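Bear in mind the structure is a predicted one, so any value in this text is a computation, not a measurement. For the numbers below, each heavy atom of this structure counts, side chains included, while hydrogens, waters and symmetry mates do not.
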Amino acid sequence: MKTQKNKQKLPQERKTKPASPTEWQPGTVSDMAEERQYEDILDKRREAVLAQAQKDYEDFQKDRTFKFPAWQYGQPKGKLFKVECEDNPNFGETSFLEFDSGRTAFLSIDFQIDFCGENGYVDVMKYPLENTAVPLSATRKVLDVVRRTDITVIHTREGHLPDLSDCPYNKLLRSKIIGKGVGIGEKPEGGIGRLLVRGSKSWGIVKEVEPIEGEILIDKAGKGAMGVSNLHMTLQNLGITHLVIVGITTDVCVNTVMTEANDLGFWCLVLKDCTGATDKDNYAGAIKSTKMQGGVFGWVSDSERFIKALEGIQSKAQ
């Protein structure tokens with residue numbers, strides 16, 4: 001008995017508008033029900049995005065600027081300003097990243113006593129505090145200028161619930177080993193509080209860069225923030241598209257938050273002199289890794305160039 005092979009049907013011509021409910025009954029098979037029949041619709045979306053990327057690429061060749069994509073986010077809510085970035089797209093080259101102040105957040109990560117103060121977590125682990133405390137001066141200068149703009153300021157703190165129910169056991173065990181018997185949740189000899197525990201005095205942000213009225217404070221239970229805090233929801237609710245990132249440590253919390261944010265589509269700029277790490281080689285490696293592949297995680301600048309850009313928009317407003 002001969003079997004007839006199924007012939008592949010050619011896509012039928014689509015209607016420009018969806019059929020009205022009066023034209024079909026519940027359970028009616030769609031004209032586009034066959035596998036892969038939606039791809040011509042998806043093609044239009046892809047082609048539009050690629051066309052926009054081509055246009056922006058050509059514009060970049062002229063002015064070396066990653067312009068604020070109003071086509072994607074809408075017209076600026078605040079003032080546009082451009083920050084000079086280093087080693088982008090190639091090492092030794094300079095480019096500019098454009099921001100909308102109304103859609104920008106200044107993200108200050110984990111400037112806590114536990115990470116940059118005496119008898120805190122980093123101090124107990126016997127790392128030199130000058131490596132993590134050194135960015136405080138530059139960060140304070142930037143904050144003083146940022147606070148005169150409409151840029152949103154957000155601070156984060158890493159810490160765990162008092163019963164440690166949100167602290168992974170492997171993290172707890174490693175901290176106890178490197179702390180020579182004193183780890184997360186315990187108070188070191190001469191310490192001012194239980195390490196990395198919410199509510200502990202050592203968990204608080206140092207005075208140089210502490211939040212002021214009107215700024216946002218977010219608590220996170222890990223190195224990152226997008227999955228272990230409400231940071232992502234907060235940024236979405238505020239309509240934030242661009243992040244200026246400072247804090248400690250460069251290779252751990254700063255890098256983790258930046259890579260998370262980059263994967264979610266945020267435009268990330270790290271100010272290299274406003275961040276520090278327990279190890280200088282790790283700091284340098286984290287900054288370099290950000291610059292790889294034309295800025296694989298974002299862009300790199302410093303406090304001087306960022307302040308210069310902000311002073312530019314302030315002078316225009318006067």
Are [X] and [Y] connected in the hydrophobic side-chain network, where two residues link if heavy atoms are under 4.5 Å apart?
X	Y	answer
Tyr121	Val134	no
Val146	Phe81	yes
Leu217	Val209	yes
Trp299	Ile287	no

>> In this structure, is the centre-to-centre distance between the rings of Tyr73 and Phe68 below 6.0 Å?
In response: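 Ring centres of Tyr73 and Phe68 closer than 6.0 Å.
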> Between Phe96 and Phe66, is the ring centre distance below 6.0 Å?
Replying inline: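 Centroid separation for Phe96 and Phe66: 6.0 Å or greater.
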> So, Thr149 side chain and Ile151 main chain: donor-acceptor pair closer than 3.5 Å or not?
Replying inline: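 Yes, Thr149 side chain to Ile151 backbone: donor-acceptor pair under 3.5 Å.
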> So, the side chain of Lys176 versus the backbone of Gly181: is there a donor-acceptor pair under 3.5 Å, distance only?
Replying inline: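 Yes: the side chain of Lys176 pairs with the backbone of Gly181.
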Are the charged groups of [X] and [Y] less than 4.0 angstrom apart, N to O?
X	Y	result
Lys288	Asp87	no
Asp219	Arg157	yes
Lys55	Glu58	no

> Where do Thr249 and Thr278 land on the side-chain hydrogen bond (donor to acceptor under 3.5 Å, both in side chains) test, with the steps shown first?
Replying inline: CA-CA 7 Å; Thr249 60; Thr278 54; 5.8 Å; no
